[in-house]
Amino acid sequence: MRITLVLGDITEQDTDAVVNAANSSLLGGGGVDGAIHRRGGPEILEECRRLRAAEYGKGLPTGQAVATTAGRLPARWVIHTVGPVYARSKDRSALLASCYRESLRVAAELGARTIAFPAVSAGIYGWPLDDAARIAVGTVRDTEAPVEEARFVLFSDDVYAAFARALNG
Ligand code: AR6
């Protein structure tokens, strides 16, 4: 799997799948989640509502991932994953790693060859950037998946720099 970094907006990526840093409700929010629903249109929310009515009545648990249509986005699928809220008192890194691993597993099930990830948990959920980047890059690097490209789409210079440090040592 080739790992690439770009500074940009995940809603503009032409990868087969884009990952959404969602919350358990799957019903939208701010940050990446807000941008994906805004640009992708109401079809995404409709599918999320159906998922809530069916197998995810209590919401999508932290660390798991599930796919929907990408609506009007250039991608084919949105893979929604729920990152952990950062807490200094408790090590939740295994859950953050699980978001990347599970998203790749869902991508493989869908037959996606390319996938774009945001910096899950590194925004509203407060994860320190260097640590979030280390977990993201390390997990994707260590996961076997029939995916050609995993692209991290970073929204600002500081997040990009943290991922570049994690990728290049
Ligand atoms: N493209 C790429 N990255 C973006 C974009 C974009 N369009 N917009 C923001 N980012 P966040 P979280 C960056 O807060 O921390 C939502 O309300 C952002 O700068 O989107 O996992 C959900 O519903 C940051 O670096 O996700 C949840 O309730 C990174 O994406 C909660 O936020 C992640 O920031 C999830 O919080």
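All values below come from the heavy atoms of this structure, side chains included, with hydrogens, waters and symmetry mates left out. Order of appearance sets the numbers: ligands from 1, and atoms from 1 within every ligand. Throughout, numbering of the chain's residues begins at 1 and tracks the sequence.
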Query - Where Ala133 and Ala162 come nearest, the two heavy atoms and their spacing - result: CB-O, 3.6 Å
Query raised in the report: Are the side chain of Gln13 and the backbone of Ala116 linked by a donor-acceptor contact shorter than 3.5 Å?
Result: no
Query raised in the report: Do the two ring centres, one from Tyr86 and one from Tyr125, sit under 6.0 Å apart?
Result: no
Give every pair formed by an N or O atom of ligand 1 and a protein N or O atom closer than 3.5 Å, one pair per line with both atom names and the distance to 0.1 Å, or write none.
unit_1   : atom_1 : unit_2 : atom_2 : d
ligand 1 : 1 (N)  : Ile10  : N      : 2.9
ligand 1 : 7 (N)  : Asp9   : OD1    : 2.9
ligand 1 : 14 (O) : Ile124 : N      : 2.8
ligand 1 : 15 (O) : Gly123 : N      : 2.8
ligand 1 : 15 (O) : Ile124 : N      : 3.1
ligand 1 : 15 (O) : Tyr125 : N      : 3.0
ligand 1 : 17 (O) : Gly30  : N      : 2.7
ligand 1 : 20 (O) : Val32  : N      : 2.8
ligand 1 : 21 (O) : Ser121 : N      : 2.8
ligand 1 : 23 (O) : Asn23  : ND2    : 2.7
ligand 1 : 23 (O) : Asp33  : OD2    : 2.7
ligand 1 : 28 (O) : Asn23  : ND2    : 3.3
ligand 1 : 28 (O) : Tyr125 : OH     : 3.3
ligand 1 : 34 (O) : Gly123 : N      : 3.4

Query - Flag for Glu102-Thr81: side-chain donor and acceptor within less than 3.5 Å - result: no
Query - Qualifying residue for side chain to side chain contact (heavy atoms under 4.5 Å, CB included) with Ile36, from Thr11, Thr68, Val19 - result: Thr11
Requested in this report: Would you give the length of the straight line joining atom CZ of Arg92 to atom OG of Ser121, rounded to the nearest 0.5 angstrom?
Outcome: 9.5 Å
